[in-house]
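Worksheet: the structure to be examined is printed underneath.
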Amino acid sequence: MTDTRWRDRLLGNRALSPETLMMGYGYNPFLSERSLKPPVFHTSTFVFRSAEDGKTFFELAYGLRQKHPNEEPGLIYSRINNPDLEMLEDRLAIWDQAEASLVFASGMAAISTTLWAYARPGSVIVHSGPVYGGTEFLLTKILPQFGITSIGFLTEGGNKAMDDAVEAARGKGSIAVLYLETPANPTNGMVDLEHARQIASRLRGADSKQPVIVVDNTLLGPIYQRPLAHGADLVVTSLTKYVGGHSDLIAGGCSGATALLEPIRGMRTILGTMCDPHTGWLLMRSLETLKLRMAAAADGARKVAVFLSTHPNVAAVWYLGFLPEDHPDRLVFERQCESPGSTFSFEVKGGEAEAFAVLNRLKVIKLAVSLGGTETLASHPAAMTHSDIPQAERLRLGITPALIRISVGIEDPDDLIADLTQALA
Ligand SMILES: Cc1ncc(COP(=O)(O)O)c(C=O)c1O
């Protein structure tokens, strides 16, 4: 992949849009039998032309020397690099408006490999809450076994809660990471990334080290929110969701500056948490339609949210498009996000029994965890994705027994409304 024509982002003076670049960026058909689409490079290893080539490629891959200008890392072994993953990473970086990206075997692989790269025994991670259940488990149950502790703050407490958590963390150790999930799963609570940037800058030590701001952008990314433009250092995404978009794969991504990704790349090589070539190929296909799918789903979600908000058996709808003018999240939402997206939660009147009754009656909408697929899914966070969190903590985070999360797909929204009408009756 040394021919730079396949990496042109300009047509004359015109900067090509991501939508256009997704159709072929980084791929040279003339290196692959003129195949229009990239093949799946189902191979564990790559043949070196000479022993000298092998030496050169390893020097670069293992960081034994700096890259020469325009030098391309040579292909070695699919745990280190693979053409499908490299093309995918180039394209994901375009959507994320990042210098580079790395892709992983899952969203959790992206999150955990990133945290392993930046946290050390004695480090503290300050994180927003709620976070995805798996992330919560990693932060509160696994990392402490390695001397890495965390302090959470509730998104609804706003910047004051973030400040207080940082103050508390300073007393416990050195703050390695500000880990922020915004909008939060499942409550859609928002975190002010510009405020987080100010905090990180304030914490810069004499050695110029400061906490790395990592944002989980799964709920709106990469189309409707670009955290790197608002102060994040690294953005992690479960590509399983909107980016994959067809509920047929598991993968994750991490994007940011090349230098910040280097320790994560090294950790990924050793832990072996990279994405596999076939999944990478599927994701490239998905990136071609990402914007169309997210736009259609967002339109449908608005209609469904409006319907739910007027239903007598619905107590509350946590849809970002309904944030009142005077709600503190409203300003942050308007500054950081380009759409409310299509995943949100609502509370039925009653408790778990009433929520389960609605879920069990759904016919078109599938009762399943996950989000961001072409089909609409509904689930019960308190009993499913967030059931690991102790009950009192769950309630504090707003994950009540009456809460149902819905991820609206691209079906006819009127069919979804008909389904919800019969389920809520
Ligand atoms: C916000 C968020 N982050 C991370 C993850 C983990 O992603 P994966 O299931 O791809 O490991 C999920 C999964 O539901 C999620 O919702």
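We count ligands from 1, going down the list as the structure has it; atoms in each ligand are counted the same way.
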Should Asp233 and Arg197 count as an ion pair when the cut-off is N to O under 4.0 Å? yes
For ligand 1, list all ligand N or O to protein N or O distances below 3.5 Å, rounded to 0.1 Å.
unit_1, atom_1, unit_2, atom_2, d
ligand 1, 3 (N), Asp216, OD2, 2.6
ligand 1, 7 (O), Ser238, OG, 3.0
ligand 1, 10 (O), Gly107, N, 2.8
ligand 1, 10 (O), Ser238, OG, 2.8
ligand 1, 10 (O), Thr240, OG1, 2.6
ligand 1, 11 (O), Gly107, N, 3.0
ligand 1, 11 (O), Met108, N, 2.8
ligand 1, 14 (O), Lys241, NZ, 2.9
ligand 1, 16 (O), Asn185, ND2, 2.9

Side chains of Tyr27 and Ser32: does their closest heavy-atom pair fall under 4.5 Å? yes
In plain terms, say whether Glu354 and Lys349 are close enough for a salt bridge, that is, a side-chain N and a carboxylate O under 4.0 Å apart. no
Can you tell me which residue pairs pass the side chain to side chain donor-acceptor pair (under 3.5 Å) test with a partner in residues 280-299, sequence neighbours excluded? Glu19-Lys291, Lys37-Glu288, Thr289-Arg293
Smallest separation among heavy atoms of Leu16 and Asp8, with atom names: CD1-O, 4.2 Å
Aromatic rings Phe146 and Trp116: how do their planes relate, parallel, tilted or perpendicular, breaks at 30° and 60°? perpendicular
